[in-house]
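Just so you know, residue 1 is the first one in the sequence shown, and it goes up from there.
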Amino acid sequence: MITYEDLNRHAKALLKFCAYPAVQYKVKFSILDTPYEDKELSLLREAFLKSDIVEEMAQTQDDYGGWGNFQSKDYSVKAKIPTSSVGIERCLYIGLTAADRDILFLAGEYLEELLSGTSHEKVREKNERAVPWQRAKVCNLLEAIAPRSPLCDETWRQWLFIAGRAYEDGVYCYEKDKAAQHEVFLTREDRLVPMQSELLLRRREEIAPSLEDAMLRHLGGDACTNGYFWDKTPDKLPENFVYNKTRRWFKTFNYINQFRGSRLYLENAVEWLMDNVRKDGVWDWGTQTKDPWGYFEYFSCNRNYRHNRVVDCTIEVLDFLKKYIDNNVRKTL
């Protein structure tokens, strides 16, 4: 079983491998849990906030606080950050908080305007599920920036009610899920808004452990069997780590890994990752890397160089392992 000691060892290997301030800050703050007020981290933060990776997010942010439409890409505009949701996810991924510069503060205001209906941007009502689905996505990002936002209270309670009905017998029931969504959203379609588990888990302490376990076994089990985003499963990992679709697995890994107890489905994946670490303690995707559209979580501004490729890969692996350990290993004093 992987431990915090293992995580620390590989995190320190990346610190040794790459001295770039943004990488150093991400590892120390997000992976090693160095307190925000720590003096050495505060000094490092100054360099991080002046780094090109942060400056890129600031320079590409629009006047509304976002990066274009929330989740519908405008193909008439050649933008490196395709949508606002992708831009906000990247800001969070690299370690920015609302207290750092104005980037996430402005992004939070942009999300609040979307929720309050005062935004210049409107939800395209392609079908009756569009509005509640996007509202949940907006709340999920706002909760990541500003936890327990009052603007998200109602949406969070709605999804808690829906999940409580769908899993009230300890296993998922489509008919109960449909009835609850029709009652809450006044929808009529048989197709449902996907269960917003990530939003619910933003306030995990208010959710019964039995509900999270039921969601893990249904949603996580389905992702393990059928894949998530890509039709693959973590039990059918490629023989070699350096493979042209290796990075796509992390969409499935991270989806399952949102739940406590994710070891149930991810133990083999973790062993596979640990078996494929380089001798110097870091990971490398290799040259054949493919990324699905919108999957803009990679860390470096340019992945054409081998050094950046290793940083991208290792940070994503460490991020995954950190959450895995948090969700499956009890911390000891």
Side-chain angles (χ1 to χ4, degrees), residues 1-19 22-38 40-41 44 92-95 144 197-198 201-202 204-205 207 209 212-213 215-217 219-221 223-224 228 233-242 246-247 249-286 297-299 310-333:
M1 179 64 185
I2 188 171
T3 65
Y4 283 105
E5 288 73 19
D6 296 322
L7 181 70
N8 291 346
R9 183 172 66 255
H10 293 293
K12 290 176 181 177
L14 180 57
L15 291 175
K16 182 178 180 181
F17 178 84
C18 181
V23 173
Q24 294 271 318
Y25 185 81
K26 164 71 177 182
V27 173
K28 292 181 179 180
F29 182 50
S30 301
I31 306 299
L32 298 178
D33 285 338
T34 304
Y36 188 84
E37 300 79 11
D38 181 83
E40 291 186 6
L41 187 70
L44 182 59
L92 293 166
Y93 183 74
I94 65 177
S197 52
E198 188 174 5
L201 294 175
R202 293 289 181 191
R204 175 180 261 129
E205 66 281 0
I207 295 178
E212 183 173 355
D213 183 68
M215 288 193 293
L216 163 67
R217 293 176 182 276
L219 300 172
C224 185
Y228 175 76
T233 130
D235 286 333
K236 295 180 181 178
L237 296 162
E239 182 177 351
N240 298 314
F241 184 77
V242 178
T246 295
R247 192 168 189 269
W249 288 93
F250 279 86
K251 198 69 174 179
T252 297
F253 291 164
N254 288 323
Y255 180 78
I256 299 172
N257 205 31
Q258 67 181 303
F259 302 104
R260 284 178 180 163
S262 57
R263 179 181 180 183
L264 179 67
Y265 302 111
L266 292 177
E267 190 169 20
N268 289 341
V270 171
E271 290 180 0
W272 178 73
L273 289 172
M274 299 306 292
D275 287 342
N276 282 280
V277 67
R278 297 194 330 187
K279 291 182 179 180
D280 57 356
V282 296
W283 286 264
D284 184 3
W285 300 121
E297 292 181 347
Y298 54 78
F299 200 79
V310 172
V311 170
D312 292 332
C313 181
T314 304
I315 285 182
E316 185 143 13
V317 173
L318 291 176
D319 237 23
F320 165 75
L321 293 177
K322 170 68 164 55
K323 185 176 292 185
Y324 177 84
I325 296 171
D326 286 345
N327 284 338
N328 293 279
V329 179
R330 289 186 177 182
K331 291 185 179 181
T332 57
L333 298 177

[X] and [Y]: which non-hydrogen atoms are nearest, and at how many Å?
| X | Y | value |
| --- | --- | --- |
| S262 | N327 | OG-CB, 4.4 Å |
| E212 | Q258 | OE2-O, 4.2 Å |
| V242 | D284 | CG2-O, 4.0 Å |
| G95 | S30 | CA-OG, 4.2 Å |
| Y36 | L41 | CA-CD2, 4.0 Å |
| M1 | V329 | CE-CG2, 3.2 Å |

Review point. Hey, mind stepping through V310 and R278 against side chain to side chain contact (heavy atoms under 4.5 Å, CB included) and telling me if it holds?
Key: CA-CA 10 Å; V310 172; R278 297 194 330 187; 3.8 Å; yes

Are the side chain of [X] and the backbone of [Y] linked by a donor-acceptor contact shorter than 3.5 Å?
| X | Y | value |
| --- | --- | --- |
| D38 | E40 | yes |
| D6 | T3 | yes |
| N257 | F253 | no |
| N328 | Y324 | yes |
| T246 | W285 | no |
| T314 | V282 | no |

Would you call [X] and [Y] a side-chain contact if the rule is heavy atoms closer than 4.5 Å?
| X | Y | result |
| --- | --- | --- |
| L14 | H10 | no |
| N254 | E316 | yes |
| E271 | N268 | yes |
| F259 | D213 | no |
| K26 | I94 | no |

What's the separation between atom [atom1] in [X] and atom [atom2] in [Y], rounded to the nearest 0.5 Å?
| X | Y | atom1 | atom2 | answer |
| --- | --- | --- | --- | --- |
| Y4 | R9 | OH | CZ | 15.5 Å |
| I2 | I325 | CD1 | CD1 | 4.0 Å |
| N276 | N240 | CG | CG | 7.5 Å |
| D312 | W283 | CG | CH2 | 14.5 Å |
| K322 | L7 | NZ | CG | 7.5 Å |
| Y265 | I256 | OH | CD1 | 8.5 Å |

Point to revise | Side-chain ion pair, K323 and D319, N-O less than 4.0 Å | key: no

Point to revise | Lys/Arg N to Asp/Glu carboxylate O, R202 vs E198, below 4.0 Å | key: yes

Review point. Quick check, are the ring centers of F320 and W249 under 6.0 angstrom apart?
Key: no

Practice item. Kindly indicate, with the supporting measurements, whether the criterion side chain to side chain contact (heavy atoms under 4.5 Å, CB included) is fulfilled by I315 and Y93. Key: CA-CA 10 Å; I315 285 182; Y93 183 74; 3.4 Å; yes

Review point. Is there a salt bridge (charged side-chain N to carboxylate O under 4.0 Å, His left out) between K16 and D280 once you walk through the steps?
Key: CA-CA 9 Å; K16 182 178 180 181; D280 57 356; over 6 Å; no

Point to revise | CA sep, side-chain torsions, deciding dist, call: F250, V317, side chain to side chain contact (heavy atoms under 4.5 Å, CB included) | key: CA-CA 8 Å; F250 279 86; V317 173; 3.7 Å; yes

Exercise for review: Tell me, yes or no, whether the heavy-atom count around E239 atom CD, taken from other residues, nucleotides or ligands under 6.0 Å, exceeds 12.
Suggested key: no

Check your understanding: What do the steps show when you test L219 against Y228 for side chain to side chain contact (heavy atoms under 4.5 Å, CB included), and what is the final call?
Key -> CA-CA 10 Å; L219 300 172; Y228 175 76; over 6 Å; no

